[in-house]
Structures are given as structure tokens and as C-alpha cells.
Amino acid sequence: MVIIDTYFQLLEKDTTKVSGLWKGLQTLGYGTAGITGIIAVISFYNLLSAFSMNCILYPNISFKPLSSYDTHLLRKATNDSGPNVTINALLTSWHSDFICQFCISVWMMSFVGGLILGSFFLLNPKGGKGHPHSLFSQPWKLVIPMFAVTFIMVILTGISSNKAFGGINQFCAAFSNYTNTNSCDTQIDAFSLKYNRKKQYVNHMQGIVKASSILTFFAWLACALLLIIRLCLAPDFSLQVIILEPRRSTETKKMLSQPSDMTMLPPKLTVINMIEEEKRRKKGDPKNVTLGLLKML
């Protein structure tokens, strides 16, 4: 068989033939990014409130001994387990508010963007042709724009989680002379009394900020990888192969159109055989014989 050319054509699949796993995983990923983003915002805001809204990332903290009055209040608030020093507000150099505002803004964008993109996947069909009454009749057209937004959020959340993680670790390390550890510890909670009447749970809040910021980053990264896989596998389409062949020649057509020797019977013999065959089939009914003969002729 001679083939002139071969063409490949992508056709939209019927929505029922597209796996719902694509829709479910994307919705779950964007929903996780939105939820962890708002958790990071709330916990980080509470952490800043524990130190009078000073940016605690990458600070240069100075300490001073407690006065007798401060010692009495500290012992009462901490059940005689507080440190003998407090933060020197005059000499302490807090970081610029820009880095903290950047982290909060990115996590808020994650919350809003995750809910919006997750809603698009939730409200639209699984893929393929879609449905005429849907918000978008062809949901596969959203894949590339969503990938662009997701890729930007991967970069932003990666930067914010790195800054928050490193900045909080440096903040906790500043208390190492009094907590005997470079990592965050519950003993840091007592230092929040400098700015609050009650001891704040600084250690718990910083742990939540770290965990939620990392989860936000990995949620956006997972969504981006899913979109890349969807672009590569193209589950919304089916592949149709079109093969072009040459036309058969005129002589070949004539040879194929001529009847074989076995069918070349004399006209009379052929009609007689047809009548006999029709008689056998219609059981000798003359009317049926005549009608059958006319049909066969």
C-alpha cells in the first residue's frame, strides 16, 4: 500500500471520557493553598502583635536586666520561671516592615488566588468539550492562563516562606543565651511580656507560621506540576490519524468491476434459475414469484 502523506489531528474528547481525577486534584491543590495562606496570615499577624507589631524577621535584639518592679510582675506572670532580662526597646533594631508586609501580602494573595482558581475547577466540567451551559464550555482553555498565574505564585510563596523561615530562626537564635538553644523554645514566650500584659504563645505561633508557609509553597508547586503534566499528556483530546492514499487506476477499476466467469450465464438460463429459486422461497405462490422476480431484476 502506497501512502502519500499522514496527518495527525487533535479532537476534543467528550467530557464523560475525561478522568475526574484532574479536576479533583487541582481543586484540592488550590484549596490547600488558599487555606494555608490565610492560616499563615493570621498566625504571623498574632506573632507580630506579641512584639508590638515590630517586624521580628532578622532583628538585632538587645537585652537589659530587669528592675525589681519588672521582676515582680514577670515572676507573677510566669510562675517564677521567667528570665532575669527583658528586651531593651531603645537599643533593639527591628527589621524593616517591608519584608513582613511582603510575606503577609503574598499569603493573602495565596488565599484569594487559591479560592478563585479552585472555584474555577470546581464549577467547570472535568475537561474535553465541556457543556454548553457551563461557565466555560471548554475548560481546557484555562490550563495555560492558570499555569502562568500558578508559576508566579510558586516564585512568590517560595521567597516568602524562605524569608519567614530564616527570619524566625534568627529571631529565636537571638535568645539563645537565655534559652540555652539556638532553636525556638517556649521560654521565648516570657519575653513578650515587655509588650503585653499577658504572656503570648510565641513558640506555638512561630511553628504555625513556618508550617503553613511551607505548605502554601508546596501546594502551589503541586498545582503547577499537575498543569504541566496535563499539558504534556493532553487528556482533554484524542488523536486522529488521517492517511492519504493514491487513487486506483482506470484499468484496475474496470477489472474489479467486471463479473467473474461463474456469473456469466446465458440470459435465459439465468432468468429460469431466478424463477425456480423464487418459487422455492415463496412456496409456489405466483404473485410472490412475480413480485420477487421484479425486485431481483
Side-chain angles (χ1 to χ4, degrees), residues 29-63 74 77-78 82-83 86-90 92-119 149-150 152-175 179 183-221 223:
Y30 286 121
T32 303
I35 293 172
T36 55
I38 194 61
I39 292 175
V41 170
I42 295 173
S43 56
F44 191 62
Y45 179 82
N46 292 334
L47 188 59
L48 298 182
S49 299
F51 294 91
S52 190
M53 297 306 297
N54 291 304
C55 186
I56 65 169
L57 303 180
Y58 305 101
N60 184 12
I61 302 177
S62 299
F63 300 91
L74 186 61
T78 59
T86 186
I87 297 175
N88 190 336
L90 295 177
T92 296
S93 176
W94 301 101
H95 201 281
S96 171
D97 290 337
F98 172 77
I99 187 65
C100 289
Q101 292 173 355
F102 171 78
C103 292
I104 292 176
S105 300
V106 170
W107 294 329
M108 184 58 70
M109 289 170 58
S110 176
F111 170 66
V112 176
L115 291 184
I116 292 176
L117 297 183
S119 299
V149 175
T150 304
I152 294 173
M153 288 304 302
V154 168
I155 296 175
L156 293 178
T157 54
I159 295 173
S160 63
S161 62
N162 179 65
K163 293 295 184 182
F165 206 91
I168 291 175
N169 285 339
Q170 184 172 325
F171 169 75
C172 294
F175 300 89
T179 60
S183 59
C184 296
D185 190 83
T186 54
Q187 298 179 62
I188 300 177
D189 298 350
F191 289 92
S192 64
L193 289 169
K194 173 68 178 178
Y195 304 96
N196 301 273
R197 293 182 179 180
K198 294 182 179 180
K199 184 174 64 174
Q200 305 296 310
Y201 295 99
V202 177
N203 187 54
H204 291 167
M205 287 185 289
Q206 65 83 24
I208 296 174
V209 172
K210 287 181 181 179
S212 57
S213 64
I214 292 296
L215 287 175
T216 302
F217 166 71
F218 280 109
W220 284 105
L221 181 62
C223 290

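Because only heavy atoms are used, hydrogens play no part in the values below, and waters and symmetry mates are left out as well, while side chains stay in.
Side-chain atoms of Asn203 never come within 3.5 Å of backbone atoms of Asp189 as a donor-acceptor pair (strictly under, hydrogens ignored).
Rounded to the nearest 0.5 Å, atoms CG (Leu156) and CE (Met153) are 5.5 Å apart. A distance of 8.5 Å separates OG1 of Thr86 from CZ of Phe63, quoted to the nearest 0.5 Å. Remark: Ile39 CD1 to Ile35 CD1 distance equals 7.0 Å, nearest 0.5 Å. Between atom CH2 of residue Trp94 and atom CG of residue Leu48 there is a gap of 9.5 Å, rounded to the nearest 0.5 Å. In this structure, CD on Gln101 lies 7.5 Å from OG on Ser96, to the nearest 0.5 angstrom. In this structure, the separation between OG on Ser192 and CE on Met205 is 7.5 Å, given to the nearest 0.5 Å.
Put simply, the side chain of Ile61 reaches to within 4.5 Å of the side chain of Phe171, judged on heavy atoms. Between Cys184 and Ile168 there is a side-chain heavy-atom pair separated by less than 4.5 Å. Side-chain contact between Ile188 and Gln206 is absent, with no heavy-atom pair separated by less than 4.5 Å. Residues Ile56 and Leu47 have side chains in contact (heavy-atom distance under 4.5 Å, counting atoms from C-beta outward).
Below 30°, between 30° and 60°, or above 60°: for Phe51 and Phe175 the angle between ring planes is between 30° and 60°, a tilted geometry.
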**Audit row: Val209, Phe165, side-chain contact (heavy atoms from CB on, under 4.5 Å) steps and yes/no** = CA-CA 8 Å; Val209 172; Phe165 206 91; over 6 Å; no
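For Gly167 against Pro59, the heavy-atom pair with the smallest separation is O-CD, 4.5 Å. Nearest heavy atom pair, residue Ala40 against residue Ser213, reads CB-N, 4.4 Å.
Judged as a side chain to side chain contact (heavy atoms under 4.5 Å, CB included), and not counting sequence neighbours, the contacts of Ser62 are Asn88, Leu91, Thr92. Shown here are the side chain to side chain contact (heavy atoms under 4.5 Å, CB included) partners of Cys55, two or more places apart in sequence or in another chain: Leu57, His95, Asp97, Ile99, Cys100. Tyr201 is linked by a ring-ring contact (aromatic ring centres under 6.0 Å, His included) to His204, counting only residues two or more places apart in sequence or in another chain.
Other residues, nucleotides and ligands contribute only 12 or fewer heavy atoms inside 6.0 Å of the CZ atom of Phe218.
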Can you give me every donor-acceptor pair (side chain of residues 109-117, partner residue at least two apart or in another chain, under 3.5 Å) with its distance?
| unit_1 | atom_1 | unit_2 | atom_2 | d |
| --- | --- | --- | --- | --- |
| Ser110 | OG | Ala33 | O | 2.8 |
| Ser110 | OG | Trp220 | NE1 | 2.9 |

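Applying the side chain to side chain donor-acceptor pair (under 3.5 Å) test to residues at least two apart or on different chains, the pairs with a partner in residues 153-170 are Trp107-Ser160, Asn169-Lys210. The list of side chain to side chain donor-acceptor pair (under 3.5 Å) pairs with a residue in residues 33-59, not counting sequence neighbours, reads Thr36-Thr216.
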